[in-house]
Amino acid sequence: MAKERLIQRYKRAERINHWIVAGCFVLLAISGLAFFYPAFFWLTGVFGTPQLARIIHPIIGVIMFIGFFVQFLRYWKYNFFDKEDIKWMKAVPEILNGHEVGDVGKYNGGQKGMFWLMTACMIVLFTTGILAWREYFSAFFPIWAIRLALMLHAGAAIALIAGIIIHVYAAIWVKGTIRAMVEGVVTQTWAKKHHPRWYREVMAKARENGETSSKSSEH
Ligand code: HEM
């Protein structure tokens, strides 16, 4: 069988970072939904007891925030919109039918929008979560501020959960994408089809560095 030509998309440290954030997100969504709506209260069982869920939720929240902050530092520079992204966004129905549009770089318009939504939600979740953290901080604030913080906290959580459902769906729907975050590599065919400008940049760098193997690394 012909050897697939691969390109590195994520290094090991980036993948570990991503899956720590994703794991924290799942635990936070489960415990958060349990606090939010009585019908989901049984979900606190995942943490042993409701009391334990209350103690653990904010601690995992801080870990997710730090993990996402590292991701933010890694990816912000790839997530500014350009005119090719506008073309991409205007053609979403066509793209959903399997035709890629625009000279897309490392991320497409949808991924960039998702990145900024994640960033905004993380900032709101973290600041309001700290303010409402009974153990250490909430005693310093008036009750109206805590109530407002918890409302914003729930709103940002719902927006993030909706966003992550789309993020996961897109990752599964575009064949070969999950591999990028599991093994760190994508095929050249995947890159050429979904991120043609990024593909050209990676290949140009590989040529500059005299790389000839079937696995070109990203720089
Ligand atoms: C829970 C299941 C999740 C799955 C299956 C998943 C899957 C993926 C995959 C496959 C990629 C690579 C996409 C590409 O290179 O084109 C990716 C990128 C990324 N993911 Fe996730 N992810 C999950 C959760 C999360 C969560 C909870 C967050 C943060 C709130 C997150 C933040 C990111 C970021 C920042 C990137 C970098 C790409 C970008 O800037 O859009 N992911 N994810």
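Note that ligands are numbered from 1 as they come in the structure, with each ligand's atoms numbered from 1 the same way. Heavy atoms only: backbone and side chains are in, while hydrogens, waters and symmetry mates are out. What you are looking at is a predicted structure, and each value in this text was computed from that prediction instead of being measured.
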Distance to 0.1 Å, residue and atom name: give those for the protein heavy atom nearest to [atom].
atom	value
atom 2 (C) of ligand 1	Val168 CG2, 3.5 Å
atom 41 (O) of ligand 1	Gln111 O, 3.7 Å
atom 1 (C) of ligand 1	Ala22 CB, 3.8 Å
atom 28 (C) of ligand 1	Ile164 CD1, 3.8 Å
atom 5 (C) of ligand 1	Trp19 CH2, 3.6 Å

Testing the basics here: between Gly98 and Lys193, what is the closest heavy-atom pair and its distance to 0.1 Å? O-NZ, 3.9 Å
salt_bridge(Glu4, Arg179) N-O dist < 4.0 Å: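 Answer for the salt bridge query: yes.
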Quick test of your reading of the model: are Lys87 and Asp82 salt-bridged, counting only N-O distances below 4.0 Å?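 Here Lys87 does not pair with Asp82 in a salt bridge, since their nearest N and O are not under 4.0 Å apart.
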Results of side chain to side chain donor-acceptor pair (under 3.5 Å) for Arg200 - residues two or more places apart only: Asp103
Give yes if a backbone or side-chain nitrogen or oxygen of [X] is under 3.5 Å from a nitrogen or oxygen of ligand 1, and no if not.
X	answer
Gln71	no
His18	yes
Tyr75	no
Arg9	yes
Asn79	yes

Using a 4.0 Å cutoff against the non-hydrogen atoms of [X], which atoms of ligand 1 qualify?
X	value
Val21	29 (C)
Met122	30 (C)
Phe25	27 (C)
Thr177	10 (C), 13 (C), 14 (C), 16 (O)

Just to verify, which of Lys106, Glu14, Gln111, Lys112 counts as forming a side chain to side chain donor-acceptor pair (under 3.5 Å) with Tyr75? Glu14
Just to check, does Tyr78 reach to within less than 4.0 Å of ligand 1 when the distance is taken from its heavy atoms? no
For the aromatic rings, using the six-membered ring if either is Trp, is the centroid distance between Phe115 and Phe72 under 6.0 Å? yes
Which option wins on minimum heavy-atom distance to atom 12 (C) of ligand 1: Phe72, Phe115, Tyr10, Trp116? Tyr10
From the options Arg179, Met181, Met64, select the one whose nearest heavy atom is closest to atom 11 (C) of ligand 1. Met181
Against Val101, only a single residue in Ile95, Asn108, Val92 fulfils side chain to side chain contact (heavy atoms under 4.5 Å, CB included); can you say which? Ile95
Does [X] [atom1] have over 12 foreign heavy atoms under 6.0 Å away?
X	atom1	answer
Trp173	CH2	yes
Phe141	CZ	yes
Phe69	CZ	no

Candidate pair Trp190 and Thr177, rule side-chain hydrogen bond (donor to acceptor under 3.5 Å, both in side chains), full reasoning: CA-CA 8 Å; Trp190 181 96; Thr177 307; 3.2 Å; yes
